[in-house]
Amino acid sequence: MCMYRIGLIWLQHDLRLDDHPLIHQAASECQQLIFLYCLPPQSMQANRYSLHSMGTLRKHFLQQTLADLARQLRAYGQTLLTCQHDPLTALPLVMQHHRIDAIYYSEAAGTYEQHYQRLLQQRFPYIAHHCETSATLWRASQLPFAIDELPASFSKFRKCIEQENLRDAVAAPLATPTQLPPAPVLSQLKTLLRPIEATTTNASAAFQGGSQAAQAHLESYFSSAAPLHYKQTRNALDDWSSSTKFSPWLATGALSVRRLLQRLTAYEQTHGSNDSTYWIFFELLWREYFQWYAHRYQQRLFASSGIKQQRPTTSFYPSRFQQWCSGTTAYPIVNACMRQLNATGYMSNRGRQLVASCFVHELQLDWRYGAAYFEQQLLDYDVASNWGNWQYLAGVGADPRGHRRFDLAKQTQQYDPDGVFIRRWQGEQVHQSDWLDAADWPVD
C-alpha cells in the first residue's frame, strides 16, 4: 500500500535508474512521483578562486547525462524536471503547486549539498525526508569503525576493510525498476522553473554522458583482456584502453559503483583474478576512502592546512598560476597534461600526480587553486576524490609521508621517453620565466 500521495526525488550526483535504492523505495511508497534536478546558478559564476565551479566541458557532459536520464524516464511515462535554481529556490516552487508528502535524496559527501539537505529538513519538517547512500560500496553502519574514527591513512583503511572481508558484504546492486508511478500534471510548474542553459562547447568525443553510455563502456571494458593487464598499463598518459575510464560516469552517478564491482567480480570468476584485477578493486577502495574522508573532515577538506592543521609554505603567484593552467610552464610534460585537460576534460592519474607535484613544489603555489581549477575542468570531478587527492599531494592530507615530490625529468623519461605525448599536446612550447610577479602574498 502506498504511504504517500506525491513524492519528490531530488537528484544530485545519482543520475541513473539502475541500482538506485531511493527510486525503488519511492516507487513502492508513492502514488505519484516528481523527479527534479537542480543546477545552482553559483556553479557557473566566479568563485573565491576567480574560477567557475563547473566549466563548459563538464556542463556539457552533465547535460548529456540529464538528457539520457530524461529519455529513460519518458519510457516509463515519467518526466525529468531540470532547472537552474538552487534547491532552496526550486523545491518551494514545486511545493507551491503540488502537495509533496515525502522527499527522497541521496546522502552527499559535499558540504554544500549537506547544507542544503539540513536546511530543507529544517524548513519542511512536516514532509517525510528519506536519505540513503548511493555513491559508496558500503553504508556507514557496515564500516568496522565510526566515521569520526576513520583511519588516518588509506593503508590502514584498506587493511581494516580486507581484514573484515567487506568486499563480500557489498550489497548486490538493484535492478532497474520495472515500473514507476506517474507524475502529476507539471505543465504550469515547467514554465516557472528556469531551464538549464545549453552550452556551445562540445564535451570530449571519448566520453558520452549518461547511464546508457556508461553501461556500454562497462560491457566493452569487461569483454576485453584489459582488466588482466590494468596494473601494468594504468600509468599510460594518453591511451584509452590503458585505464578503466569509469570515473566520469561514477562522478555523475550515471554508473553505480556497486554495479561496477559486481561486473569486476564476474570477470574474475570467468577469467581468473590476478594483481591487475585486484588493482581495480584497490582503486575503488581509494575512491571509497575519500568519500568517507569527506564525511569525516567536512569543511577541512577545503582548508589550506588540510586535516593536519599545518599550513604549507606556499603563496599565490598569478603569473605562475596562469602558465600552469594554460600549459605554458617550463616543464613540457606538465604542459602536455594541462593542454590535454583543457581540450578534453580528462587527464590520466599519472598526469594528475605530475601536474599537482609541479604546482606545489616547482611553482610553490597554494594547492587549493590547483584543486579549484581541476573542479572547473575535469569531467570526472568528484568533491571527495579531487580535494582529498590534492591534500594528499600537498602534504596536508592523508599521506603519512607528506609532501611527495615527483622528479619531472625522470617521470618524463619513464612515461614519455620518445616525447610522443608531449608532441601530440604541444607541451614543448614552454615559457621561460624568472617567475617574478608584481606581488606575491600568502593566501589564507
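Here the structure is a predicted model, which is why all the values come from computation and not from measurement.
When only modelled atom types and interatomic distance are considered, Glu375 and Asn386 share no side-chain donor-acceptor pair under 3.5 Å. Side-chain atoms of Asn235 and Thr233 include no donor-acceptor pair closer than 3.5 Å.
Between Phe207 and Trp240, the distance from one ring center to the other falls under 6.0 angstrom. A centroid separation of 6.0 Å or more is found between the aromatic rings of Tyr392 and Trp387. Residues Trp10 and His129 place their aromatic rings such that the two centres sit no closer than 6.0 Å. For Phe359 and Trp367, the ring centers sit 6.0 Å or farther from each other. Two rings, from Phe246 and Tyr221, have their centers less than 6.0 Å apart. Between Tyr37 and His13, the distance separating the two ring centers is not shorter than 6.0 angstrom.
In terms of modelled atom types and a separation under 3.5 Å, the side chain of Gln117 and the main chain of Ser106 share a donor-acceptor contact. Side chain of Arg352 to backbone of Asn389: no donor-acceptor contact under 3.5 angstrom is found. Using a distance-only test at 3.5 Å, with no hydrogens or angles considered, no donor-acceptor pair links the side chain of Gln291 to the main chain of Trp286. The main-chain N or O of Leu137 is never found under 3.5 Å from a side-chain atom of Arg258 such that the two would form a donor-acceptor pair. The main-chain N or O of Arg5 is found under 3.5 Å from a side-chain atom of Asp101 such that the two form a donor-acceptor pair. The closest donor-acceptor contact from the side chain of Asp68 to the backbone of Ser211 lies under 3.5 Å. A distance-only check finds a donor-acceptor pair linking the side chain of Ser276 to the backbone of Lys231 [under 3.5 Å]. In this structure, the side chain of Gln391 engages the main chain of Arg300 through a donor-acceptor pair within 3.5 Å. Here the side chain of His97 pairs a donor or acceptor atom with the backbone of Leu93 at under 3.5 angstrom. Between the side chain of Tyr289 and the main chain of Pro151, a donor-acceptor pair closer than 3.5 Å is present.
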Side-chain donor-acceptor pairs under 3.5 Å in residues 38-47, sequence neighbours left out?
from	atom 1	to	atom 2	distance (Å)
Gln42	NE2	Tyr116	OH	3.4
Ser43	OG	Pro40	O	2.7
Asn47	OD1	Tyr49	N	2.9
Asn47	OD1	Ser50	N	3.4
Asn47	OD1	Leu51	N	3.0
Asn47	ND2	Leu51	O	3.3

Which pairs would a plain distance check flag for residues 173-189, meaning a side-chain donor or acceptor within less than 3.5 Å of a matching protein atom at least two apart in sequence or in another chain?
none

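Residues Gln114 and Gln298 have side chains in contact (heavy-atom distance under 4.5 Å, counting atoms from C-beta outward). Proximity of Met338 to Tyr373: side-chain heavy atoms (C-beta onward) are separated by under 4.5 Å at one or more points. Side-chain contact between Leu66 and Ile196 is present, with at least one heavy-atom pair separated by less than 4.5 Å. Under the 4.5 Å side-chain criterion, counting only non-hydrogen atoms from C-beta, Cys30 is not in contact with Ile6. No side-chain heavy atom of Val257 sits under 4.5 Å from any side-chain heavy atom of Asp19. Two residues are said to be in side-chain contact when any heavy atoms from C-beta on lie closer than 4.5 Å; Ile9 and Leu36 fail this criterion. Residues Leu237 and Met347 are not in side-chain contact: their nearest non-hydrogen atoms beyond the backbone lie 4.5 Å or more apart. Side-chain contact check for Glu107 versus Arg139: every heavy-atom pair is 4.5 Å or farther apart.
Ring planes of Phe154 and Phe157: tilted class, angle from 30 to 60°. Between Phe282 and Trp279, the angle of the ring planes stays under 30°, which puts this pair in the parallel group of the 30/60° scheme. Ring-plane geometry between Phe61 and Trp249 is classed as tilted, the angle between the planes lying from 30 to 60 degrees on a 0 to 90 degree scale.
A search for ring-ring contact (aromatic ring centres under 6.0 Å, His included) contacts involving Phe321 returns Phe316, Tyr369, not counting sequence neighbours. With sequence neighbours excluded, the residues that form a side chain to side chain contact (heavy atoms under 4.5 Å, CB included) with His52 are Gln376. Residues passing the salt bridge (charged side-chain N to carboxylate O under 4.0 Å, His left out) test with Arg158, sequence neighbours excluded: Glu162.
Here Glu283 pairs with Arg234 in a salt bridge; the nearest charged N to carboxylate O distance falls below 4.0 Å. Remark: Glu149 does not engage Arg296 in a salt bridge, criterion side-chain N to carboxylate O under 4.0 Å. Between Lys245 and Asp380 there is no salt bridge, since none of the side-chain N atoms of the basic residue sits less than 4.0 Å from a carboxylate O of the acidic one. Salt bridge annotation for Arg259-Asp18: present, with a cationic side-chain nitrogen under 4.0 angstrom from a carboxylate oxygen. Using a cutoff of 4.0 Å between basic side-chain nitrogens and carboxylate oxygens, Asp14 and Arg16 are not scored as salt-bridged.
When Asn335, Ile333, Asp238 are each tested for a side chain to side chain contact (heavy atoms under 4.5 Å, CB included) with Trp425, only one passes: Asp238.
Here Ile147 contributes atom CD1 and Tyr293 contributes atom OH; the two are 14.0 Å apart, rounded to the nearest 0.5 Å. Put simply, CD on Gln12 and CD on Glu113 are 6.0 Å apart, with the number rounded to the nearest 0.5 Å. Going from atom CE of Met54 over to atom CG of Leu378 covers 12.0 Å, rounded to the nearest 0.5 Å. Atom CD in Gln215 sits 11.5 Å away from atom NE2 in His217 (nearest 0.5 Å).
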Ser220/Ser223 under side chain to side chain donor-acceptor pair (under 3.5 Å): CA gap, chis, key distance, verdict: CA-CA 5 Å; Ser220 174; Ser223 296; over 6 Å; no

Test side chain to side chain contact (heavy atoms under 4.5 Å, CB included) applied to Phe35 and Leu8, step by step: CA-CA 6 Å; Phe35 288 80; Leu8 171 65; over 6 Å; no

Steps toward side chain to side chain donor-acceptor pair (under 3.5 Å) verdict (Tyr104, Glu29): CA-CA 11 Å; Tyr104 301 81; Glu29 295 178 347; 2.7 Å; yes

Candidate pair His130 and Tyr4, rule ring pair (Phe, Tyr, Trp, His ring centres under 6.0 Å), full reasoning: CA-CA 12 Å; His130 299 280; Tyr4 309 114; 5.8 Å; yes

Derivation of the side chain to side chain contact (heavy atoms under 4.5 Å, CB included) call for Ser241 and Asp239: CA-CA 6 Å; Ser241 62; Asp239 180 68; 3.2 Å; yes

Test log, rule side chain to side chain donor-acceptor pair (under 3.5 Å), inputs Ser155 and Ser153: CA-CA 5 Å; Ser155 294; Ser153 71; 4.9 Å; no

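Gln72 approaches Tyr76 most closely through the heavy-atom pair O-CD1, 3.2 Å.
Legend: side chain to side chain donor-acceptor pair (under 3.5 Å) pairs involving residues 163-172, not counting sequence neighbours, sorted by first then second residue: Arg167-Thr265, Arg167-Glu268.
Counting non-hydrogen atoms of neighbouring residues, nucleotides and ligands closer than 6.0 angstrom, the OH atom of Tyr278 exceeds 12 such neighbours.
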